[in-house]
Amino acid sequence: MDHDRFLQLATECPWPRAAEAPARLSPFTMAVRSVCAPVLDLPPHADLASYVERRAELGTAEAVRRLLRAGGIERLLIETGMEPPGIATPAEMSEVSGLPTSTVVRLETLMEAVAPGSSPARLVDDFEEVLDERLTSAVGVKTVAAYRCGLELPAAPPADTDVRKAAERWLRETRRTGRHRLTDRLLIGRAVWAAVDRGLVMQVHVGFGDPDVDLHRADPSFLMPFLHATRTTGARIALLHCFPYLSQAATLAHVFPHVWLDASCVSHFAGPSAPGLVRDALTVAPFDRVLFASDAYGLAEQYLVSAITWRRGLGVLLDEWLCDGWLAADDAHRVAGLIGADNARSLYGLTAA
Amino acid sequence: MDHDRFLQLATECPWPRAAEAPARLSPFTMAVRSVCAPVLDLPPHADLASYVERRAELGTAEAVRRLLRAGGIERLLIETGMEPPGIATPAEMSEVSGLPTSTVVRLETLMEAVAPGSSPARLVDDFEEVLDERLTSAVGVKTVAAYRCGLELPAAPPADTDVRKAAERWLRETRRTGRHRLTDRLLIGRAVWAAVDRGLVMQVHVGFGDPDVDLHRADPSFLMPFLHATRTTGARIALLHCFPYLSQAATLAHVFPHVWLDASCVSHFAGPSAPGLVRDALTVAPFDRVLFASDAYGLAEQYLVSAITWRRGLGVLLDEWLCDGWLAADDAHRVAGLIGADNARSLYGLTAA
Amino acid sequence: MDHDRFLQLATECPWPRAAEAPARLSPFTMAVRSVCAPVLDLPPHADLASYVERRAELGTAEAVRRLLRAGGIERLLIETGMEPPGIATPAEMSEVSGLPTSTVVRLETLMEAVAPGSSPARLVDDFEEVLDERLTSAVGVKTVAAYRCGLELPAAPPADTDVRKAAERWLRETRRTGRHRLTDRLLIGRAVWAAVDRGLVMQVHVGFGDPDVDLHRADPSFLMPFLHATRTTGARIALLHCFPYLSQAATLAHVFPHVWLDASCVSHFAGPSAPGLVRDALTVAPFDRVLFASDAYGLAEQYLVSAITWRRGLGVLLDEWLCDGWLAADDAHRVAGLIGADNARSLYGLTAA
């Protein structure tokens, strides 16, 4: 892990920025220097070059171990849809962190994986067979429809004949181009409804992400017809990240009984501003529907920064509410426990470690 | 009023949630335990079961009387479009509270009420006849277009022939199905323009509501062509609730001379976070265009929580501005008076009680 | 400058409001009375009538000189697309303020200016010739597409034949009506791509403005395809104003390497609330991509109020981050220097005065 690679993983901007020094000054790198540097034995606010040097000196395994332990995280739920070289597998993460690990299956990646060996007639069956196999060891699924076709997910399972035609088009196209990126709304809808029919927990990427996301169509308001259609199916929907649509997501978590909300992702990229976003997530959502998550990817620093920003944000907010007489101390503890751990345990069917 | 019925009225989620205790911990129930419990002689933060029990012991009339008086509300404007069994009428509210009451007419409900006895040719005349009759004792009208067809209201009165055809379609459909829910954009547009032509105050539901609302199309930005078209008609438009579009609504109240804004509804459902929303409502709107309202429905607690959150939110904000030298003390009193009472009096043509 | 003219320039509402006193109480007029009154030798919070009287007594030139100097602004970048009678030219602004002045060319105004003497075949060439001439003394261009056709700017230069046809339609229409307002998306797109091809800095009006703006289509999320298409062209995009889409704009400044963000315009119209908007602008944007600007127009008070609100907003935020240990004092100074001056210098290719 050299300086350039570190900077590359420290942003959702996938392209090299101008090389000047200021580019390295972001809310996340500021937070890394504040909260991660001391964990690697450096003074707070050590400059980034010293930080990356010290990280290399300790070795990745030791640095990751320290950063993960300092966050007080109890269990890792790892979504396995993006595993380029150099990214640790769930087994490796478990080993280095000493923490129990569960997996989440990315629906689009799974369909893309079965496509090359499948046919239009068999695509859905092949997908469902592999899905069921993967579900034996996973706690839920995730859709990145926000990146592929927008959040207007179909409010009913797509008809078989339409799915078959869409599969024909897509497989013909993939064979012609050699590219398997799934963007077809019908096929993604079919995969999503396979998850709904199984009564799974389904994570939905909402809002902020890398520049591939269509920010306008990543507004969770577009999910309303789908949420009406899935309300009584047993499926539970977790809206992930949600910036800049935290208020919209909180509204959905208020009005639908099967919707949860985490404000991960910006919890590290917003650094010092992240506590304000935790506040936004809690405006109108019931306290049993909001949960801590980190959306860490690539840098173990993201786990620690997310954990710290949630803890501080929630802590400051509850203290303020206590001071203002909005709640009693035992309620404050209860809310902290729900958001920090119990809601995630309940949603994903996990027991306390 | 038992525990389950109380919880049902304490949320915009119309379906029973999972029965676990945490579901009862929401910003609103937290606020009820904080500010309403002492009004019913309980210690602050009494648990919800004790609260509901004490409420029953006092009797609904006494509880409602206490809660309404504690809020310092001077007059009730009651919109009469939703009157299921068990909901007090304006006359009953007046009697139990000892407060003067005015009514607001919901346009869609009125057209639905005249439909069964009308015909395509007479629908508009019948509607206008009943509207005029109701207006003799009402201070304004309200549209729930956000729930029915979205906020792209027509920028001109729909043509008579188009309205006639829409009436034919709708009445045929209502006779076939026995359901009278009005969702046709032309007919709603015709009703809205009847109000505009009369130079009335028209409340427009914006944003957050029960899950029937189409959150995306409840963005008040969609109203701009309608607002241009109605600017010089004498009609005045009050945007209601507005979460999560408070900034958009404040923008419209800034740029149009006939637009007002209240941030009710979330003023109780957001509980301890509501003061932050009062702050958002005041960002760019002139101080003579923002007004306190409660959107209370079903639970008298909503009046008190809304009154308290507005008072605290506005009080903290004005104190902060005073400390920072943004305004003088007499301006702070003036702004508080405008938002707390004078703007509503001026908009609805009321005199001080 | 009399009282009525002052009030007219103190809002984006172009129509006279009801004459009552409260209409004069807005966040901006409150800020003028707080921060500008002492600069004109009045006590803070002097009433507006006294303020306007004192301003007239001093004379416009002296009042403007004092207000501009009190803001500590180093250089004026003046966009010249709106120059009605009574508005100072860049040369006049330079003379009265004693500050160096640079200009920014409004693309739509330029095309409207060449239209009367041009033809469909020559429109683009004529436009580009005048553009190049103007660029010899300008630091960049600006598009007001948000007011004209919305922010879905074309992701590739429009084809010549399509542009030719659009030019025919528009010129025919302008000759018929005598009005030259350019709203055609293809022609605006062609002008925008002329700027992109020249690798210019292009300002894009986003969000809040006068009531002509289509607020919904002024959401910068709609720019994503255009931003992908222009990423490697050398063009740099500055998103201006951005309320109520500051979070969306900050997201784009995070994920695209050629996007900058200023939160001007509401920095004066929001007055005491503007520091909170500075906070919103800094949530996820890198610190080298956000810059101070005033969007002052018509009233020199807007320069001072914007400068003060940015300075206070940024100062309070950095102090808070220092207190909470998020950054060191020298980082705070560096961030303040970047946002207050260095980012603008770097973006527009200016040297320190």
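Chain A is the first sequence line, chain B the second, and so forth, proteins listed ahead of strands; every chain is numbered from 1.
One distance of note links CG of B/L277 with OG of A/S247; it measures 7.5 Å at 0.5 Å rounding. To the nearest 0.5 Å, the span separating CZ on A/F287 from OG on B/S26 amounts to 7.0 Å. Distance NE2/B/H216 to CZ/A/R217: 10.5 Å, rounded to 0.5 Å.
Heavy-atom neighbours of chain A within the stretch residues 39-48 of chain B, taken at a separation under 4.5 angstrom, comprise B/H45.
In this structure, the side chains of A/T251 and B/F269 stay at 4.5 Å or more apart for every pair of heavy atoms.
Residues B/E12 and A/H254 come closest through the heavy atom pair N-NE2, 3.0 Å. The nearest pair of heavy atoms linking A/M224 to B/L215 is SD-N, 3.4 Å. Nearest heavy atom pair, residue A/G325 against residue B/S34, reads O-OG, 2.7 Å.
A donor-acceptor contact shorter than 3.5 Å is absent between the side chain of A/T283 and the backbone of B/A270. For B/R312 (side chain) and A/D324 (main-chain N/O), a donor-acceptor pair under 3.5 Å exists by modelled atom type.
Contacts between A/A250 and chain B at a heavy-atom distance below 4.5 Å are absent for every atom of the residue. Contact annotation for A/L282: only backbone heavy atoms (N, CA, C, O) come within less than 4.5 Å of a heavy atom of chain B. For A/W326, the parts lying near chain B are the backbone and the side chain together; criterion is any non-hydrogen pair under 4.5 Å. Proximity to chain A (any heavy atom under 4.5 Å) is restricted, for B/Y245, to the side chain, taken from C-beta onward. Only the side chain of B/F243 comes within less than 4.5 Å of a heavy atom of chain A; its backbone N, CA, C and O stay farther away.
More than 12 heavy atoms of other residues, nucleotides or ligands shown are found within 6.0 angstrom of NE2 on A/H228.
With respect to chain A, the highest number of heavy-atom pairs below 4.5 Å among B/P211, B/P244, B/S273 belongs to B/P211.
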